Amino acid sequence: MSHSGMNVAEPRLPPNQQLIGDDRWPVVGERAPRKDDQPWTVTVAGLVDRPILLTLDALRDLPTETRIVDIHCVTRWSKFNMAFTGISLATLLRGVTVAPTARFVSFVARSSRGHSTSLTWELVRQVNPLIAWLAGDRQLEEVHGGPVRVVVPGRYFYKSVKWLERIEFLAEDRLGYWEADAGYHNGADPWREERYLAPAITKQEAARWIAARDFSGLDLRSLQASDRALSGLRARDAMLRNADFRRADLRDADFTRANLSNAHFEAADLRGATFLDADIEGANFAGTDLRNCDLRVASMFGASFGSLVTEAPACRRPLVNGATRVDPARWEALSEDQRQLWESLRGQKPPS
Ligand SMILES: Nc1nc2c(c(=O)[nH]1)N[C@H]1C(S)=C(S)[C@@H](COP(=O)(O)O)O[C@H]1N2
Ligand SMILES: [Mo]
């Protein structure tokens with residue numbers, strides 16, 4: 001990124017990301033590898049002249065390095081200065097010739113759902129991913145990908161596979177789990193906000209569902225519904241990731257169990273709305289009216305409720321009242337400044 005002017009520091013936090021507390025590292029996606037009695041091995045295969053198969057001990061005997069990286073989850077939390085130790089892919093590939101026909105690299109996990117992700121071989125050569133087994137000076141915990149995971153600097157963290165089992169060089173891309181099944185962007189560049197693919201429906205279809213005010217169970221990801229009159233909306237179990245509800249009238253809307261990750265609600269009227277068991281990771285509620293609103297959600301990592309420090313319209317705090325319901329246990333998922341904001345809004349302390 002370049003900036004005009006003098007002494008302008010390069011921004012370190014990609015757009016629309018939030019730093020979370022140093023003491024927190026959320027678990028995202030699968031929580032454990034596939035159960036398997038075979039000893040753990042890491043394989044390099046596909047379009048290479050000489051496949052590699054290494055046990056964990058053999059892997060750990062190779063020359064290691066420590067990398068300090070910033071990690072950015074697509075659900076909007078970031079953590080700076082994470083130290084990972086392992087072997088770089090370039091080091092692992094010493095003495096191996098990759099065929100000129102290879103254009104993609106697939107990283108496959110030991111996973112009961114066949115989890116994988118892929119990168120172009122060109123990007124892999126640029127960023128030289130780390131195959132890591134230590135975080136800080138400790139063994140990587142199993143939930144975070146131990147015994148061994150990939151760390152890809154400079155991309156959303158879904159490109160960093162946990163429980164690495166196989167690295168495969170391919171001529172054609174093989175879309176990963178999130179990219180193929182959940183509409184995550186295959187580029188994953190946080191500086192360009194490559195989070196999700198385009199909407200799954202046409203504008204005409206969207207207009208029809210909006211007029212009917214019934215989204216129950218529908219896949220309407222990335223829906224454009226800003227400024228719409230949607231009071232009484234029924235949206236139970238709807239897939240509304242990345243939907244735009246800015247300034248919409250959503251009084252008494254029912255979003256029970258809906259997926260609203262990264263949805264925009266800035267300045268929406270949400271009086272009496274229900275978000276029970278909904279996923280609001282990364283959603284933005286700045287400037288909303290949350291009086292009588294039920295926010296006892298399933299998950300709220302990276303959710304934003306405006307700012308303590310600025311009253312700019314895009315960052316205003318929500319309106320709440322005694323009937324705004326939240327589950328205090330969920331506060332631990334908020335960043336420190338968002339937690340403080342809730343405290344000040346509600347005049348009560350979250351559990352420490
Ligand atoms: N095997 C596997 N790897 C995975 C995932 C997953 O579900 N399964 N989730 C990805 C996503 S979306 C993120 S943000 C990071 C989360 O890593 P963490 O749980 O250690 O924070 O792992 C990535 N790697
Ligand atoms: Mo993620």
Side-chain angles (χ1 to χ4, degrees), residues 14 16-36 40 42-43 67 69-86 105-119 127 129-136 138-168 174-190 193-197 221 241-242 259 261-262 279-283 299-303 332-333 335:
N16 298 309
Q17 292 291 117
Q18 285 176 27
L19 272 186
I20 53 166
D22 281 344
D23 53 333
R24 269 177 278 145
W25 180 2
V27 175
V28 183
E30 294 176 291
R31 305 188 67 91
R34 186 185 69 237
K35 292 250 182 314
D36 194 327
W40 204 292
V42 173
T43 303
R67 287 251 203 109
V69 298
D70 296 346
I71 64 179
H72 309 295
C73 179
V74 70
T75 60
R76 298 185 191 273
W77 56 266
S78 293
K79 264 177 98 63
F80 289 162
N81 297 326
M82 298 280 285
F84 291 102
T85 300
V105 186
S106 176
F107 299 89
V108 185
R110 184 180 273 207
S111 148
S112 51
R113 68 182 185 201
H115 193 101
S116 71
T117 194
S118 68
L119 297 170
V127 302
L130 194 68
I131 297 154
W133 51 86
L134 299 181
R138 304 171 59 177
Q139 297 291 328
L140 204 51
E141 282 176 68
E142 187 182 69
V143 276
H144 289 304
V148 62
R149 79 173 297 161
V150 180
V151 175
V152 179
R155 287 296 178 272
Y156 285 126
F157 210 32
Y158 59 85
K159 289 292 181 182
S160 296
V161 136
K162 305 194 271 193
W163 316 297
L164 175 69
E165 197 168 47
R166 190 177 167 85
I167 299 171
E168 216 174 321
R174 180 205 289 148
L175 281 186
Y177 175 84
W178 295 113
E179 296 88 335
D181 291 7
Y184 283 37
H185 197 295
N186 199 26
D189 183 344
E193 277 211 86
E194 293 174 339
R195 295 179 201 271
Y196 300 116
L197 295 178
R221 68 188 71 188
R241 180 163 39 222
N242 211 35
N259 183 334
S261 52
N262 287 335
D279 177 348
I280 61 165
E281 290 190 5
S299 184
M300 64 193 308
F301 279 113
E332 43 91 28
S335 66

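Predicted model, so just to flag it, every value in this text is computed and none were measured. For ligands, and for the atoms within them, numbers begin at 1 and follow the listed sequence. Scope of the values below: all heavy atoms of this structure, side chains included, with no hydrogens, waters or symmetry mates.
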What atoms of ligand 1 come within less than 4.0 Å of a heavy atom belonging to Pro26?
-> 18 (P), 19 (O), 21 (O)
Arg149 side chain near Val161 side chain, heavy-atom distance below 4.5 Å = no
Residue pair Arg76, Ile20: steps toward the side-chain contact (heavy atoms from CB on, under 4.5 Å) verdict | CA-CA 10 Å; Arg76 298 185 191 273; Ile20 53 166; over 6 Å; no
If hydrogens are left out, which of His115, Arg113, His72 has an atom nearest to atom 4 (C) of ligand 1, that is, the closest non-hydrogen atom?
-> His115
Quick one: does Lys162 get an N or O within less than 3.5 Å of an N or O on ligand 1?
-> yes
closest protein heavy atom to atom 14 (S) of ligand 1 is Cys73 SG, 3.4 Å
Of the protein's non-hydrogen atoms, which lies at the shortest distance from atom 13 (C) of ligand 1, and what is that distance?
-> Phe157 O, 3.7 Å
Looking only at protein heavy atoms, which one is nearest to atom 10 (C) of ligand 1, and how far off is it?
-> Trp178 NE1, 3.6 Å
What atoms in ligand 1 come closer than 4.0 Å to a heavy atom of Val27?
-> 19 (O)
For atom 11 (C) of ligand 1, which candidate among Tyr156, Tyr158, Trp163, Phe107 holds the nearest heavy atom?
-> Tyr158
Does an N or O from Ser160, backbone or side chain, lie closer than 3.5 Å to an N or O of ligand 1?
-> yes
Please could you name the atoms of ligand 1 that Glu30 approaches to less than 4.0 Å, counting only its heavy atoms?
-> 1 (N), 2 (C), 6 (C), 7 (O), 8 (N)
Just one of Tyr196, Tyr184, Tyr156 clears the side chain to side chain contact (heavy atoms under 4.5 Å, CB included) bar with Trp178, so which one?
-> Tyr184
Between the main-chain N or O of Ala32 and the side-chain N or O of Glu142, is there a donor-acceptor pair closer than 3.5 Å?
-> no
For the residue pair Asn262 and Arg241, confirm or rule out a side-chain donor-acceptor distance under 3.5 Å.
-> no
Just jot down the ligand 1 atoms closer than 4.0 angstrom to any heavy atom of Ala109, in number order.
-> 1 (N)
Using the side chain to side chain contact (heavy atoms under 4.5 Å, CB included) rule, pick out the option among Leu140, Ile131, Leu134 that qualifies with Phe84.
-> Leu140
Kindly identify the option in Met82, His144, Lys79, Arg149 whose heavy atom sits closest to atom 17 (O) of ligand 1.
-> Arg149
Which ligand 1 atoms are under 4.0 Å away from a heavy-atom of Gly29?
-> 7 (O)
Any idea which part of Tyr177 is under 4.0 Å from ligand 1, heavy-atom wise: side chain, backbone, both or neither?
-> neither
Measure up the Trp25 and Phe157 rings against each other and bin them: parallel (under 30°), tilted (30 to 60°), perpendicular (over 60°).
-> tilted
Determine, stepwise, if the pair Glu179 / Tyr158 fulfils side-chain contact (heavy atoms from CB on, under 4.5 Å).
-> CA-CA 9 Å; Glu179 296 88 335; Tyr158 59 85; 3.9 Å; yes
Begin with the C-alpha distance, continue with both residues' side-chain angles, and end with the deciding distance and a verdict on side-chain contact (heavy atoms from CB on, under 4.5 Å) for Arg34 and Arg110.
-> CA-CA 6 Å; Arg34 186 185 69 237; Arg110 184 180 273 207; 3.6 Å; yes
